[in-house]
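These notes concern the structure reproduced below.
Computed over heavy atoms, backbone and side chain alike; hydrogens, waters and symmetry mates excluded. Throughout, protein chains are lettered first and strands after them, A, B, ... in sequence-line order, and every chain is numbered starting at 1.
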Amino acid sequence: MLQVKYILENKEHVIEGLRKRNLDAKTLVQQIIDLDIERRSSIAKVEELRAEGNKMSKAIGSLFKEGKIEEANTAKVKVQETKTEQKNLEEGLSEIEEKFQNLLYHIPNVPHTTVPAGSSENDNEEVFKEGSIPNLHEGAKPHWEIVKEKDIVDFETGVKITGSGFPVYKGKGARLQRALINFFLDEADKAGYAEVIPPLLINEASGIGTGQLPDKEGQMYHVTGDDLYLIPTAEVPVTNIYRDVILNEEELPKKNCGYTPCFRREAGSYGKDVRGLNRLHQFDKVEIVQVVHPNESYNVLNDMVEHVKELVRKLKLPFRILRLCGGDLGLTSALTFDFEVYSTAQQRWLEVSSVSNFETYQSNRLKLRFRKGQEKPQLAHTLNGSALALPRIMAALIENNQNENGDIIIPEVLQKYTGFDTI
RNA sequence: GGUGAAAUGACAGAGUGGCCGAAUGUACCAGUCUUGAAAACUGGCGUAGGGAGACCUACCGGGGGUUCGAAUCCCUCUUUCACCGCCA
């Protein structure tokens, strides 16, 4: 969430920035500013009354002590009036605060200066491209056919057990999945990310902290019995490690990685987009997360992009990097780079990673701060990125690496993890 | 799941209705002393909101209540510890 002070001091800049999201925030920003003025004056009034009440109460205390019961009782009656007035004002204030908070929750992050304006994914800007698209033999198949023939991913059985979008990985398919996880985790470890295994269920406060709540609850599976949510990404539990934390400046940057299954309801999706491994309700992902000094966050964003680049390179997959346009940018992000690998048999790009800088948008909600020496704590910047999401990597690997015999060639870097070189 | 105890500042730990934003100790920062360090002594040392400011307000696990007044009393939730039951 944006800092109120920031909105007040940079009103035009905020409105201009949000225009790139295809959002006319003029009214929203004005509402926030107006409400803030109302809020402040209301706070001033309430606190004035409170101070008065406190004073009177203290006086009553000393009156009792001095044995002036009569006077004390008279004073009591008088205070009661103040208290009633105070209560009314307080109710008004909490209404204002609630409205105010609600507006703040809904105003998105201001896009970075380099973010192009745009309304949809068509306006994303390709900033990097690497790798050659293989010439597949006649009769090359999409991955969903291959995995069925090889019996390494079983969608039907998943449907029986749970429903669509919950595949069962079998045999070498399961092994390949595990190999990818271990490969990604080892690479993250080498890059200095400390591994964590976080909870897969999160509470409401965590969802608010990273920006999934209050708005996107429809995208998460909600365990109503305990009011918990299945994580849509490891970003949520891993970043929330630092909720309500004040770090020392020297502790920055904090680098964590974690493998988790991710759960997404993705209501309303259909068609070729959801075919095979393209879009699932449950999938595996290795996530990298950093908490950094504000001066460093854009350098760190580049580092993270380089890290992901290296992963895709090592898997020898053709890929491109997109700078997301305002319209495609997530609520919480200031700048996001998406990675897409080319899936040759489907002849389309598949998103496999999203690397973002949230600046203080999350840390403001998380109350994640750092302190320099004896100075006042200030908000840190948070970043995260997928490194990487597994199913589409698997889809691309299977499709791009199929040979004329119908075998799948395992990339060299993975062979020590899989223990086999073909499927 | 049951029963009982507990939750106070970075940590330890007092405080059971007003003088408590909170004793004391440790840690930390600054100063005095010292060639330097240690010790000793002196001072400082939470977060947030409001105000131009002297200041004011809120916070003693969360929420609600009683009261003129709550860290302190009541209700409720959460968490921790102990014992019992169940269990990978």
Of all residues at least two apart in sequence or in a different chain, which pass the side chain to side chain contact (heavy atoms under 4.5 Å, CB included) check with [X]?
X: A:Ala205; answer: A:Asn203, A:Arg243
X: A:Val127; answer: A:Glu125, A:Ile321, A:Arg323, A:Phe337
X: A:Asn22; answer: A:Ser119
X: A:Val168; answer: A:Asp154, A:Thr157, A:Ile161, A:Lys170

Any residue meeting side chain to side chain donor-acceptor pair (under 3.5 Å) with A:Ser343, in chain and number order, not counting sequence neighbours: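 Once residues adjacent in sequence are excluded, the partners of A:Ser343 under the side chain to side chain donor-acceptor pair (under 3.5 Å) criterion are A:Gln346, A:Glu399.
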Pairs meeting criterion salt bridge (Lys or Arg N to Asp or Glu O under 4.0 Å) with involvement of residues 45-63 of chain A, two or more places apart: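 Matches after skipping sequence neighbours: A:Arg50-A:Glu90.
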Just to be sure I understand the rule, does A:Lys367 reach a base, reach only the sugar-phosphate, or reach nothing, if contact means heavy atoms closer than 4.0 Å?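 Since no nucleic acid heavy atom lies under 4.0 Å of A:Lys367, the category is nothing.
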Sugar-phosphate, base or nothing in reach of A:Lys78, heavy atoms under 4.0 Å: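 It contacts nothing in the nucleic acid.
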Nearest heavy-atom neighbours spanning A:Phe100 and A:Ile32: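 Smallest heavy-atom distance, with atoms named: CE1-O, 3.5 Å.
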How far does the [atom1] atom of [N] sit from the matching atom of [M], given to the nearest Å?
N: B:G9; M: B:U47; atom1: P; value: 14 Å
N: B:G49; M: B:U42; atom1: C1'; value: 34 Å
N: B:G17; M: B:C73; atom1: C1'; value: 8 Å
N: B:C11; M: B:A58; atom1: C1'; value: 25 Å
N: B:C19; M: B:U26; atom1: P; value: 27 Å
N: B:A14; M: B:C83; atom1: C1'; value: 29 Å
N: B:C56; M: B:G21; atom1: C1'; value: 14 Å
N: B:U3; M: B:G85; atom1: C1'; value: 11 Å

For RNA chain B, stems built from three or more consecutive Watson-Crick or G-U wobble pairs below 3.5 Å: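 Stems for RNA chain B, defined as runs of 3 or more consecutive pairs: B:1-7 with B:78-84, B:10-12 with B:24-26, B:28-32 with B:40-44, B:46-50 with B:55-59, B:61-65 with B:73-77.
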Is it true that A:Glu145 and A:Lys148 make a salt bridge, defined as a side-chain N closer than 4.0 Å to a carboxylate O?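 Judged by the 4.0 Å cut-off on N to carboxylate O distance, A:Glu145 and A:Lys148 do not form a salt bridge.
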Enumerate the residues from residues 38-54 of chain A whose closest heavy atom to RNA chain B is under 4.0 Å, giving them by residue number; use none for an empty result.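 When residues 38-54 of chain A is checked for heavy atoms under 4.0 Å from RNA chain B, the hits, listed by number, are A:Arg39, A:Arg40, A:Ile43, A:Glu47, A:Arg50, A:Ala51, A:Asn54.
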Going by the rule ring-ring contact (aromatic ring centres under 6.0 Å, His included), which residues pair with A:Phe166 if we only count those two or more places apart in sequence or in a different chain?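 By the ring-ring contact (aromatic ring centres under 6.0 Å, His included) rule, A:Phe166 matches A:His281.
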When you list every nucleotide of RNA chain B with an atom under 4.0 Å from a heavy atom of chain A, which one comes first 5' to 3', and which comes last?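 Listing 5' to 3', RNA chain B meets chain A from B:G18 to B:G69.
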Residue met sooner reading RNA chain B from 5', once A:Met56 and A:Ile246 are mapped to nucleotides: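 Whichever sits nearer the 5' end wins; that is A:Ile246.
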Suppose we screen for salt bridge (charged side-chain N to carboxylate O under 4.0 Å, His left out). Which residues come up paired with A:Lys26, at least two apart in sequence or across chains?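 Partners of A:Lys26 under the salt bridge (charged side-chain N to carboxylate O under 4.0 Å, His left out) test: none.
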Residues in salt bridge (charged side-chain N to carboxylate O under 4.0 Å, His left out) contact with A:Lys314, at least two apart in sequence or another chain: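 A:Lys314: salt bridge (charged side-chain N to carboxylate O under 4.0 Å, His left out) contacts with A:Glu187.
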